[in-house]
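Everything below concerns the one structure shown next.
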Amino acid sequence: MNSLLDSLRGIGARVIDGIWRMGVATRFFLRTLLQSGQSFRRFHLIIREIFSAGVLSLIIILVSGLFVGMVLGLQGYETLQTYGSEEALGTLVALSLVRELGPVLAALLFASRAGSSITAEIGLMKATEQLAAMEMMAVDPIARVVAPRFWGAVISMPILAALFSAMGILGGYLVGVVLIGVDEGSFWSQMQAAVDFREDILNGVIKSLVFGVAVTAIALFEGYDAPPTAEGVSRATTRTVVTSSLAILGLDFILTAFMFRGV
Amino acid sequence: MQRATLDLWVGIFVVAGIAAILFLALKVGNMGSFDSASTYTVKASFENIGGLKVRAPIKSAGVVVGRVSNIGFDSKTYEATVSLKLDTRYKFPKDTSASIMTSGLLGEQYIALEAGGEEKMLSDGNTLKITQGAVVLENLIGQFLYNKSEGEAKPAAPR
Amino acid sequence: MSDNLIEIRDLSFAYRERLVLKGINLTARRGQVIAIMGISGGGKTTLLRLIGGALKATRGVLEVDGVDMATLDQEGLYQLRRRMGMLFQFGALFTDLSVFDNVAFPLREHTDLPEEMIRDLVLMKLNAVGLRGAADLMPSELSGGMARRVALARAIALEPRLILYDEPFAGLDPISLGVSGNLIRRLTDTLGVTSIVVTHDIQESLRMVDYVYFVSAGVIAAQGTPDELRASTEPFVHQFVHGEENGPVPFHYPAPPYADELELAT
């Protein structure tokens, strides 16, 4: 009886804790948005963060995109060949990249590359009292540290996703057309016939924007909320990657359901 | 890192991103062909459209000249009414015929236009008179089997 | 203008249910160096954070430069903090900025000065702490003592009226320690600021401060000028000044009798 009550109490405590944390996170996110004015007035703050979130993630995004595209080209060819419609390879590669793989994989890579580093950086700034020092200098850390990182990363994400998709299509082209010898003309023309700018490409960009906001908000909050110890920061970093990966996949399902539900 | 180098890298990054989106829009998507170009719409009724979908290509001599913009059902004639959005660059005579075709054995369906001989050209709101619906595989197979059984029955009759 | 930069009357602070400070009275005159001493965990740092406005008092009056801290909103607090500098225990330099940019940080955030003027000001402040030559180094390249001196230069960048020091001597070698102590005294005198130093380095403090408050168990246990304290016969002060193991502050954390716990007496 007692152990049952205890376990119930444990569940209750977890739920309350979770809701409370969500409230804190929401307030933090709203404060970040409200305090964003300064970062846009001093745009070089954002440029710095575009560099560390975007430019530094370039290599991993470009290389992964190329390989994913090449694998798609290879696998797609194998499958399509059995139906004698290799020409549809371009369509297959482009649609899977632009609609799904580009935004999702780029966001997952972004979460582990840029998201974790944002969490670690902010967590360490907190642990070494840099944020407290800033506050003592009458500078709001949300406005000076958090908001520029938020916008820098949110701006970087769609760019990275587009580069990922473009690289992937290039990879599919390399394998399909150059290596295997699918007809180049039909590769591109079938692709163009099937891929719609608004329906597919724009929706992909919107997806990546949403993922960017989610990943960055999670990363910033985890860093800002981390206990100021080495262990706390390392746990927060892990949580950032896990939570934002789950958030990406969950959001992807919801967005896909809304965007591509039949015709 | 120096401010100037930083700005340069971010500049390269943003330009590369814009280039990627342009590449996706123009080379991968259909942005370059229609959405921005001016179009005119003609209608056509089909007995059966098979698996034709909105946005399916309209081809003439294999060239994409437009897209299906709308598919409806006429409850008087019990036929499908299809709106065809055609690029104004391409003009067709009034007696052009439309038929629904399939690219490859299992590929997607599209509308093929075959130009007629009339002097007057199609304009916005016109209707295509001569149409040929989709070939439904089941009907085809059914027909084939029917013919075959008839063919087998005939030689048997004189006996 | 009142002669006292800081006036604290009957100040209490509770962290959740636990009373950390009970009825503190403290004043600091302009141009003085005040030391707040006491054993670790006695509430010294809490007091410093209250003065800095990072915490709000539960009860009592805390006035800094004639402003009652309890009445301030965020905006007012930030206004007041521009007249304060704070030196954190390990400097808390921004690790992604060079020494120069660290010192320039408050100037760039709060003023619209042209870059040449900021350069001159930063070099002046760095010169005052003897680190003009280190302007281009990154914080990771500095020793602990140097980092704290850079942080001091940053704290005085906006010419504050009040500088708060949180454990400025912790973990320093004797030379750096002497240098830091002299620097605090010299800056206080030349800039005409008031310095509040939280420390437990008794010898260095007694050498350079004007007045000492001992905080123990949430109350001011003793106070006086360095000379008075050296001569004091009060057991707590005597224990602290001479670093004795036993006295009013026991070596043992409160525990049941040793013999009972080991179950020797049955």
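Since the structure is predicted, the reported quantities are computational estimates derived from the model, not experimental observations. All chains are named by letter (A, B, ...) in the order of the sequence lines, taking the proteins before the strands, and each is independently numbered beginning at 1.
- Your options are C/Gln89, C/Arg154, C/Met84, and the one with the most heavy-atom pairs under 4.5 Å with chain A is C/Arg154.
- Contacts between C/Arg49 and chain A at a heavy-atom distance below 4.5 Å are absent for every atom of the residue.
- Among A/Met134, A/Arg42, A/Gln130, A/Glu129, the residue with the largest count of heavy-atom pairs under 4.5 Å with chain C is A/Gln130.
- The pair C/Asp210-C/Arg185 meets the salt-bridge criterion, since a charged nitrogen lies less than 4.0 angstrom from a carboxylate oxygen.
- Ring to ring, C/Phe90 and C/Phe88 are not that close: their centroids are 6.0 angstrom or more apart.
- Looking only at heavy-atom pairs under 4.5 Å with chain A, the residue among C/Thr95, C/Leu87, C/Leu80 that has the most is C/Thr95.
- Within a 6.0 Å sphere centred on CD of C/Glu115, other residues, nucleotides and ligands contribute more than 12 heavy atoms.
- Counted within 6.0 Å of CD1 on A/Ile59, heavy atoms from surrounding residues, nucleotides or ligands total 12 or fewer; the atom is thus considered open.
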